[in-house]
Structures are given as structure tokens and as C-alpha cells.
Amino acid sequence: MDGLSNIGTIKEILTRHGFKFSKSMGQNFLINPSVCPKMASMCGAKEGVGVLEIGPGIGVLTNELCKNADRVVSIELDKRLIPVLAETMAEHKNFKLINCDVMEADLKGIIQQEFKGLDVVVCANLPYYITSPIIMRLLEEKLPIKSITVMVQKEAADRLTAEVGSRNSSAVTVAVAYYSKPQLLFNVSRGSFMPSPNVDSAVIKLDISQTPNAIVKKESDFRRVVKAGFSQRRKTLSNSLSSGLGIPKDRANMLIERANLPTNIRAEKLSLEDFGRLSDCLTEYENEEI
Ligand code: SAM
């Protein structure tokens, strides 16, 4: 169904279904008609491609994805949207709705079952209360996907696409840079949504790297040092590692020195390679201890 980003159409559909927006489910629906066609095209939805969408809402982006891609599978938590989507997506035979929490869904199973023979991309206007957990899950599970194109809060977009080693860098920046090549596609003003949120948004694209962008001995240790390193933002890496890894400070210093880094450095100054070396030092050190 076209015209789904029109306020009048949205209000009519939602009133008829007795639907009220849920703040706790991050429901801000797009009402700017230029955004979804742009997202659908830039995410790579086309012939031979299957799209996994998270949070279709009333289907404004879904509709555009279905026009471009071979198949679209959307995961939506709110069961009140099932009858709404049955109406708005009725004409699209290449659409399937899965009513569940994306954090509990068997994403690998869904991709294997639903997108046989297709390249798979993720495209979504994400519920902002769980942006990072969703992105981390999509990356860490090493799903067979080519890219992730998502609308997130502007501030989150800046963090997710920041240079590792820059002031805006955080644990999620490092994780994103480890698994993908991120880019900011375009900004979207707060007035493009109903209800309008208090912040602006941006669309980012993460092109998944075939192999991670740093070589480490043990990936779980890499995740541990990154998480621990940023666990206390204002403190030095030494203090953060000590408390985050639960080790005495002299051991944290020893690991940092082994990685050829100064002990008074802060996590946001480290490059991806620095984190990789630190991770390998932790792996070696723990193997020595056994
Ligand atoms: N795609 C629609 C649009 O652009 O207008 C709606 C986007 S709205 C920001 C986020 C959507 O995610 C809502 O439909 C909400 O119900 C859904 N959602 C929230 N939490 C979810 C979860 N844990 N799993 C799946 N969907 C979720």
C-alpha cells in the first residue's frame, strides 16, 4: 500500500485499529515520504536480495523494501501491529511477518530458512531503546549478511561511525570497526516522525567484512578487553582494565606494557590494532598462568 508515510493515512489506519503508540517499544513512525525510498535503495534491496527488517511498524519502509527486493521478512514485537500489517502489506506476496522480540529470535535459523539462494541485507528504522544491543547481536553472531543499514539516533550514529581512536570512540565503535566498514549515509530531522522524538536521527550503513578487520588469537578476549577498556570512561586504560577484567592494577599495567602502550593512555586513544595486541597479550598471559 502506497502513501503510508502520509500523516492522514497513518492516523486513519491507526484509529480504525484502535492503535496507540507505545513509548516503551520505541514507536516513532516515519512520516517523511522521501526517507524510505532512499533507505530501500541505499541498503541494496534489489533482485536476488532478501531483506531482514526489524520493527516494521505499519510497514512504511517495508512497503518500499518489498518493491525492490525478492523477499522481505520483518520481525515485529508488537502483536497489535499484526492486523495493521496484514492490511497495509496485503498486496506484497514476497513479505512475511514474524511476531517476536528480535533479541530472542533465532536469526541464523530465520536467514537460512527464509532467504535460500539470496544475498541478505538488514534494513531497519530501529527502536532506539535497544539500538546497540541489536547491532552488537547482528555483528557478533556472524550472520550470513552483506550489510546493515539502519536509522538510529544522530548521537548513536556518530558513535557507531566514529574513527577508532577518536574522541567519539566507544566500545561499540571498536566492535563495529572490527566487524565492518561503517559509513553515515544521511541525516533525518526529528520532524520526520510521528510522534516526534526529542532528537534527530541518521541512517548509517555497515558493510560487513568477510573476515574481521583485526587479526586476534581469541575473539572472546578481544571483546573482553574492549568492554573492560571502556568500562570507566573518564579513567585510564590501566584502571578500567583492572576493574573491568577483575585483575590487580600491576597486572593490568603489565598487559598494557606488553602491548607496547603507555600505562596512562585512555581507551578512546587506542587503534583497532592496539586493541588487537592487548587482546593477544591477555590471551598469552592467561595461557601462561594455566
Ligand atoms: N519501521 C517503522 C517506521 O519506520 O515507521 C517503525 C519504526 S519504530 C522506530 C520501531 C519499531 O520496532 C516499532 O514498530 C516497534 O514496535 C518495534 N520494536 C520495538 N522493540 C522491538 C523488539 N525488541 N523486537 C522487534 N521489534 C521491536
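All ligand and atom numbering here is 1-based and tracks the order in the structure.
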J.: Is the Phe21-Phe29 ring centre distance short of 6.0 angstrom?
T.: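 Yes, they do, as the ring centres are separated by less than 6.0 Å.
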J.: Are any non-hydrogen side-chain atoms of Ile98 and Glu76 less than 4.5 angstrom apart?
T.: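 Side-chain contact under 4.5 Å: no.
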J.: Thinking salt bridges, do Glu91 and Lys67 make one under a 4.0 Å N-O criterion?
T.: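 A salt bridge is absent here (no side-chain N lies under 4.0 Å from a carboxylate O).
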J.: Assess the side chains of Thr283 and Asp280: does a donor N or O sit below 3.5 Å from an acceptor N or O?
T.: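 Not at all, the side chains of Thr283 and Asp280 share no donor-acceptor pair under 3.5 Å.
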J.: Nearest protein heavy atom to atom 5 (O) of ligand 1, by residue and atom, and its distance?
T.: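 So the nearest neighbour among protein heavy atoms is Leu30 N, 2.8 Å.
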J.: Go through the side-chain N and O atoms of Ser24 and Ser22 and say whether any donor and acceptor fall under 3.5 Å apart.
T.: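 Yes, because at least one side-chain N or O of Ser24 sits under 3.5 Å from a partner of the opposite role on Ser22.
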J.: Got a salt bridge between Arg277 and Glu273, using NZ or NE/NH1/NH2 to carboxylate O under 4.0 Å?
T.: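 Judged by the 4.0 Å cut-off on N to carboxylate O distance, Arg277 and Glu273 do not form a salt bridge.
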J.: Any N or O of Gly55 that comes nearer than 3.5 Å to an N or O of ligand 1?
T.: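 Yes, Gly55 has an N/O under 3.5 Å of an N/O on ligand 1.
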J.: Regarding Ser271 and Asp274, is there a side-chain donor-to-acceptor distance under 3.5 Å anywhere?
T.: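 Note: Ser271 and Asp274 side chains meet the donor-acceptor criterion.
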J.: Find out whether Asn28 and Ser196 are in side-chain contact, i.e. whether some heavy atom of one side chain is under 4.5 Å from a heavy atom of the other.
T.: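 Counting from C-beta outward, Asn28 and Ser196 never come under 4.5 Å.
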J.: Only heavy atoms count here, so choose which of Met25, Glu76, Met39 is nearest to atom 16 (O) of ligand 1.
T.: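 Among Met25, Glu76, Met39, the closest heavy atom to atom 16 (O) of ligand 1 belongs to Glu76.
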J.: Atom CD of residue position Glu163 - does it have more than 12 heavy atoms of other residues, nucleotides or ligands inside 6.0 Å?
T.: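 Incorrect, the count does not exceed 12.
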J.: Check Cys36 against ligand 1 and report side chain, backbone, both or neither, counting heavy atoms closer than 4.0 Å.
T.: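 Under 4.0 Å from ligand 1, Cys36 contributes no heavy atoms.
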J.: Is the closest side-chain donor-acceptor distance between Tyr178 and Ser209 under 3.5 Å?
T.: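 Short answer, no.
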J.: Find out whether Lys11 and Met194 are in side-chain contact, i.e. whether some heavy atom of one side chain is under 4.5 Å from a heavy atom of the other.
T.: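 Yes - at least one pair of side-chain heavy atoms lies under 4.5 Å apart.
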J.: My understanding is that we take every heavy atom of each candidate and find the minimum distance to atom 18 (N) of ligand 1. Doing that for Ser24, Pro127, Pro56, Gly59, which one comes out nearest?
T.: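 Result: the heavy atom closest to atom 18 (N) of ligand 1 is in Pro127.
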J.: Report the nearest protein non-hydrogen atom to atom 23 (N) of ligand 1: residue, atom name, distance rounded to 0.1 Å.
T.: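 Its nearest protein heavy-atom neighbour is Asp101 OD1, 2.9 Å.
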J.: Hey, is ligand 1 close enough to Leu61 that some N/O pair sits below 3.5 Å?
T.: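 N/O-N/O distance under 3.5 Å: no.
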J.: Atom 20 (N) of ligand 1: which protein heavy atom is closest, and how many Å away?
T.: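 Going atom by atom, the protein heavy atom closest to atom 20 (N) of ligand 1 ends up being Tyr129 OH, 2.8 Å.
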J.: Taking distance alone, with no angle check, do Asn28 and ligand 1 share an N/O pair under 3.5 Å?
T.: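 No: no nitrogen or oxygen of Asn28 is under 3.5 Å from one in ligand 1.
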J.: Between Leu107, Asn125, Leu138, which is the residue that forms a side chain to side chain contact (heavy atoms under 4.5 Å, CB included) with Ile54?
T.: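 Per the side chain to side chain contact (heavy atoms under 4.5 Å, CB included) rule, the option paired with Ile54 is Leu138, out of Leu107, Asn125, Leu138.
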J.: Between Gly26 and ligand 1, does any nitrogen or oxygen pair lie at a separation below 3.5 Å?
T.: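 No, Gly26 has no N/O under 3.5 Å of an N/O on ligand 1.
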J.: Closest non-hydrogen protein atom to atom 4 (O) of ligand 1, residue and atom name please, with distance?
T.: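 Protein heavy atom at minimum distance: Asn125 ND2, 2.8 Å.
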J.: Indicate yes or no: does an N/O atom of Phe29 lie under 3.5 Å from an N/O atom of ligand 1?
T.: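 No.
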J.: Touching ligand 1 at all, Ile58? Heavy atoms, strictly under 4.0 Å?
T.: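 Not so, Ile58 does not reach ligand 1.
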J.: Return yes or no for this condition: an N or O of Gly57 is under 3.5 Å from an N or O of ligand 1.
T.: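 For ligand 1, there is an N or O atom that lies under 3.5 Å from one belonging to Gly57.
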J.: Say whether Asp78, considering both its backbone and side-chain N or O atoms, lies within less than 3.5 Å of an N or O atom on ligand 1.
T.: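 Between Asp78 and ligand 1, no N or O pair is found under 3.5 Å apart.
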J.: Using a strict cut-off of 4.0 Å, indicate which atoms of ligand 1 neighbour a heavy atom of Leu77.
T.: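 With Leu77 as reference, the close atoms of ligand 1 come out as 20 (N), 21 (C), 22 (C), 23 (N), 24 (N), 25 (C), 26 (N), 27 (C).
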J.: Suppose we measure from atom 24 (N) of ligand 1 to each protein heavy atom; which comes out shortest, and what is that distance?
T.: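 Its nearest protein heavy-atom neighbour is Val102 N, 3.0 Å.
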J.: Please state whether Ser5 comes within less than 4.0 angstrom of ligand 1, counting heavy atoms only.
T.: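 The answer is no, since Ser5 has no heavy atom less than 4.0 Å from ligand 1.
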J.: Would Tyr128 count as a contact residue for ligand 1, given that I'm defining contact as a non-hydrogen atom of the residue lying under 4.0 Å from a ligand atom?
T.: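 Contact check Tyr128 vs ligand 1: negative.
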